[in-house]
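Structure record follows, encoded as structure tokens.
Heavy atoms only: backbone and side chains are in, while hydrogens, waters and symmetry mates are out. Note that the coordinates shown come from a computational prediction; the quantities given were computed from them, not determined experimentally.
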Amino acid sequence: MELVEKFPWIFTAMLIFLALLIVACLIRAIIGPTIADRLVAVNMMGTMVMVIISILAVVMQEGYLVDICLIYAMISFIAVVVLTKVYTGVYLERRSKVGKNADAGQKEMEKKGERRHADS
């Protein structure tokens, strides 16, 4: 705890820096061009929140914050796994629809080609 007493400004600077990084991740989560970018940004925000809670546990010398950090880590992990499963399901559904539409378009083109040959 000597470090906290000697250099309290270091911990404050780390907290401010992490807050700025969380804002940057939030922006990426909002404007991310793909859902994968959004998932990674949300996961990064969760990790940075855990680091902030850990820093606060050291500065405030409160042991219960470490327990909160561990619970938050478990919840964050489960949330990212669920979001990834949902994203994978949506992606596979879209892919199957696009595949069906492409097959229907190909058959239509073949029918038009057969009609042209029959007309000639």
Run the side chain to side chain contact (heavy atoms under 4.5 Å, CB included) test on Leu15 and Leu56 for me, step by step, so that the C-alpha distance in whole Å, both residues' side-chain angles and the decisive distance to 0.1 Å come before the verdict. CA-CA 9 Å; Leu15 290 173; Leu56 288 174; 3.9 Å; yes

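For the atom pair CD1 of Ile53 and CD1 of Ile68, the computed distance is 7.0 Å after rounding to the nearest 0.5 Å. To the nearest 0.5 angstrom, Ile52 atom CD1 is 9.5 Å from Tyr72 atom OH. For the atom pair CD1 (Ile35) and OH (Tyr91), the distance works out to 11.5 Å, reported to the nearest 0.5 Å. Taking CG of Leu20 as the start and CE of Met48 as the end, the distance is 10.5 Å to the nearest 0.5 Å. For the atom pair CE of Met45 and CG of Leu21, the computed distance is 12.0 Å after rounding to the nearest 0.5 Å. Note that CG of Leu18 is 5.0 Å distant from CD1 of Ile55, once rounded to the nearest 0.5 Å.
Between Ile30 and Arg38, the closest heavy-atom pair is O-NH2, 3.5 Å. Taking every heavy atom of both residues into account, Ser76 and Gly46 meet most closely at OG-CA, 4.2 Å. When all heavy atoms of Val42 and Ala29 are compared, the pair lying nearest together is CG2-CB, 4.4 Å.
Ile75 and Val66 fall into different hydrophobic clusters, where Ile, Leu, Val, Met, Phe, Trp and Tyr are joined by side-chain heavy atoms under 4.5 Å apart, directly or via other members. In the hydrophobic cluster analysis, where Ile, Leu, Val, Met, Phe, Trp and Tyr join through side-chain heavy atoms closer than 4.5 angstrom, Leu83 is grouped apart from Leu26. Hydrophobic clustering places Met60 together with Phe7 (ILVMFWY residues linked when any side-chain heavy atoms are closer than 4.5 Å, directly or through intermediates). Transitive grouping of hydrophobic side chains (ILVMFWY, heavy atoms separated by less than 4.5 Å) brings Ile22 and Leu65 into a common cluster. Using a 4.5 Å cut-off between side-chain heavy atoms of Ile, Leu, Val, Met, Phe, Trp and Tyr, with links allowed through other members, Val82 and Met74 fall into different hydrophobic clusters.
Exactly one of Leu92, Val86, Val90 qualifies for a side chain to side chain contact (heavy atoms under 4.5 Å, CB included) with Thr88. That residue is Leu92.
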